[in-house]
Each structure stands twice: as C-alpha cells, then as structure tokens.
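These notes are about the structure you will find just below.
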2 protein chains.
Amino acid sequence: MRYRREDVVARALRVLDDYGLADLTMRRLGTELGVRPSALYHHFANKQSLLAAVADEILDRAPWPVHEEWEQQVALVCSVLRDSLLAYRDGAEVVASVWSFGLGASRPYDELLRALGKGGLGDLAPVAARTLLHFVYGHAVDEQTHLQAAAVGAIPDDVREESDFETGLGLVTAGIFLARAVRSAE
Amino acid sequence: MRYRREDVVARALRVLDDYGLADLTMRRLGTELGVRPSALYHHFANKQSLLAAVADEILDRAPWPVHEEWEQQVALVCSVLRDSLLAYRDGAEVVASVWSFGLGASRPYDELLRALGKGGLGDLAPVAARTLLHFVYGHAVDEQTHLQAAAVGAIPDDVREESDFETGLGLVTAGIFLARAVRSAE
DNA sequence: ACCTGAACACCGTTCAAGT
DNA sequence: ACCTGAACACCGTTCAAGT
C-alpha cells in the first residue's frame, strides 16, 4: 500500500477520465488509493502540482509527429494535440490551464516553435505558436464542454457538423503562412 | 437592507475586481452585502448564473464600435473585447468560461458574426467568429494570468514587450481575409 | 520515505420559517 | 419578495506523530 509519485499521477488521470475534473479532488483521489488525503502531500506540494503532472502525463502519451514538411508539421502538431486533449475527460481544460499558469504542459509550444523555426518564421515564431495554441485549446475546451453538456442532456445535442476544427485551423495557419511569405519577400 | 438582482451583480463585480475570482464566493459576497449566503439564492439559481450575469455586465459596459469598414470592424470588436476583459480582475476567465459553457456572454460572438457577414464571409462566418474569440479569450486569459503572477511576485516580471496582441490578431484576421478573397474569386 | 489522525478554515446549496 | 437559521455534504492544506 505504498505509492510512488508516478502511481499517484496515473491514478489521478484515471479518476479524471472516469469522473471529470470537478470530482478529481485530493480527498477523492486519496480514497481511490486507499490513503488519507494528507498522504498525497508527501508526493505533491499542492493540487496544482498534481494537475501539472497529470497534464504532462497526457502530453507525454501523445504521438508527436516528425519528418514532415514544416507547414504540414505545424498542422499535424495541432491535430495530434487536439486528439490528445479529447482523449481524456476534461483533458483540454486541465492542459490549457496548466499551460496558462506556466506550471508545465510546454511540450506543444516547443513542438510548434521548432516547426515554425524550420519554416523561417524568425521572431514571429513565438507569437505564431501561442496563437495556434490559443486556437487549439479554445476549440478543444469548447468541444469537450459541449460534448459533456450534451451527454448530460443539459443542451440540445447540437450536431455541430463533424467538427470545424480543421476549418478554423486552416484560417489560422493561412494567416501564418501568408505572414511568412510576406516577410521573406521583403 | 433589501437588494435587487442588479445590486447583487454590481457588488459581485466589485468583489471580483477587488479580490479576484477565487475570492468571489457566495459566502464572501453575502458578507459583503450584509446578508446570509442563502439569501443570494433568492436572486440566482446558483453560482454559475451569478457569474453569467457578471460576465454580461462586463460586456454591457463595453463601447462596442459601429460604422466602420468591415475589416476594421472585426479588428475593433476584438480590441474592444480585449480591453473590456482586462478592465476587471480575472475578467477574461469569467467571460470566457461563461461563454464556453453556453450560459451567456454572447454579445462578442454576435458582433463578430454581423461584421463578418457584412464582409461576405457567408457560411464561413461562424467558424471565423469562434476562431477569433478563441484567440482573444486565450490571449487575454494568458495576459491576465501573467500580470497576476507577476504582481504576486510568483514569476519574474517578464516584460513580454508591449503585448503581442495586435500581432497575433493580425495573423488570424489575415487568414480570414485571405479566405474571403479566395472564396469571392471562385 | 510514506502514511495516519486530527484539526483548521473554508466551500455551494437546500429548506423550513420568518417579515 | 426578500431574508434568517441551521444544517448537509463537501473542499485544500498543515502538522505532529507513527512505521
């Protein structure tokens, strides 16, 4: 009945996926592990750190792409990220907030930065990367929220036809690719 | 000592701005009004409804622009929205989550939809509007979070040079304007 | 190193009852 | 219509003490 940090993270991710973020409490997780809530503070300084580890675990399991044309690499990273977020209940919200608070979840940013750097975006790369992340996180949180609301029946199961993710992503990447073309023409 | 719904909303907005979202609790708000927490449930069904009203109040106070070229109108709506979110502590998070949960805060979406419709975006308008909102909300939440963290001293007061909001917005709008041009050329 | 026991200072929400 | 009083079922976190 003794756990290591990684055991706790794995269990937390299961609780998240099974019951949602609202039910991922220190007390609930303790119960799930057969341990007092205070025991968790031996492994994590606080709940935020736990959530940061959960976010990183989600991202570590993602099949990050390689060896592509940089434009495709950018789009692929975004798609892989989205799929990873949607693979766990409330995954988008957890990862987005950990990243926003600067507590971790930096892998997607790094991936985008590399791809954009390869494309010669120069000092525009950081803004472009963050803009892409804002879109992906925002879209994924929205989609996951509505899926959840529809599942509970709180909302008329709207058939937002087959996800407009690719369309929206296309708009953002078009702007970025255009900026690069303009920049290299100067 | 008797309040109407709007009095409660106004006070809630003040508590939010003065102490932040984490301290905007039903109990705290009750104390602030000199009233038991249970009294608030006469005015609002639950805390989410209260927050929805607060979000709408923030947006109602915004100076929504009119009479511009549609491209400028789109950019202006985004800038006005951003300023409104940053005008109150944790304003971005409150408005973004209310909108995401479908409980209100729909004014910005309506404004963008109208401007984009004027521009002839056709059935691309809804995706474009949501994409813009994802950017604005994501960027504002980020900025507000980092401002807060820097104020508390939790983070090295990073001088993210004069906000890259306009640059990022430029990337997204460029993609949208390009899509419209391509579409009208077909 | 990892956990228990017990406490502290909170939450949102409900509901009968008051004026 | 608006509020009180009292309760229910929870939170995150700390800390001395155990093994």
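Basis for what follows: all heavy atoms, side chains included, without hydrogens, waters or symmetry-related copies. Throughout, protein chains are lettered first and strands after them, A, B, ... in sequence-line order, and every chain is numbered starting at 1.
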query: Once you round it to whole Å, what is the distance between P of D:dT14 and NE2 of A:His43?
result: 16 Å
- prompt: Rounded to whole angstroms, how far apart are CZ on B:Arg4 and P on D:dC3?
  reply: 11 Å
message: Using whole Å, what does the distance between atom C1' of nucleotide D:dA7 and atom CE of B:Met26 come to?
response: 17 Å
query: Expressed in angstrom and rounded to an integer, what is the separation of B:Arg28 atom CZ from D:dC11 atom P?
result: 23 Å
DNA chain C: 5'-proximal contact among A:Arg36 and B:Asn46 (nearest heavy atom): A:Arg36
query: Once you round it to whole Å, what is the distance between P of C:dC15 and CG of B:Leu40?
result: 17 Å
message: Using whole Å, what does the distance between atom P of nucleotide D:dG5 and atom NE2 of B:His42 come to?
response: 17 Å
message: When you compare the side chain of B:Pro108 with that of B:Trp64, does any pair of heavy atoms fall below 4.5 Å?
response: yes
message: In whole Å, I'd like the distance from the CZ atom of A:Phe44 to the P atom of D:dG12.
response: 14 Å
- prompt: More 5' along DNA chain D: A:Asp23 or A:Ala45, using each one's nearest nucleotide?
  reply: A:Asp23
- prompt: Using atom P of each nucleotide, how far apart are D:dA9 and C:dC10 to the nearest Å?
  reply: 22 Å
- prompt: Within this structure, what is the CZ-to-P distance between A:Arg27 and C:dT4, rounded to whole angstrom?
  reply: 14 Å
message: Taking side-chain hydrogen bond (donor to acceptor under 3.5 Å, both in side chains) as the cut-off, I'd like each qualifying pair that reaches into residues 170-183 of chain A, sequence neighbours left out, listed once.
response: A:Asp123-A:Arg183
- prompt: Side-chain donor or acceptor of B:Thr25 under 3.5 Å from a matching atom on the base of C:dG12?
  reply: no
task: Both distances under 3.5 Å, Watson-Crick or G-U wobble: report the partner of C:dA16, or none.
output: D:dT4
message: I want to check a possible cation-pi pair here: B:Arg89 against B:Tyr19, using under 6.0 Å from ring centre and within 45° of the ring axis as the test.
response: no
message: Is it the case that the base of C:dC2 and the side chain of A:Arg2 share a donor-acceptor contact (distance under 3.5 Å, atom types as modelled)?
response: yes
query: Are B:Glu32 and B:Arg14 close enough for a salt bridge, meaning some N to O gap below 4.0 Å?
result: no
statement: As its Watson-Crick or G-U partner within any shown strand, both distances under 3.5 Å, D:dA9 has none
statement: Quick note, B:Tyr41 side chain, CB onward, closest among C:dT14, D:dT4, C:dC3 is C:dT14
- request: For A:Asp7, check side-chain hydrogen bond (donor to acceptor under 3.5 Å, both in side chains) against everything at least two apart and list the hits.
  value: A:Arg4
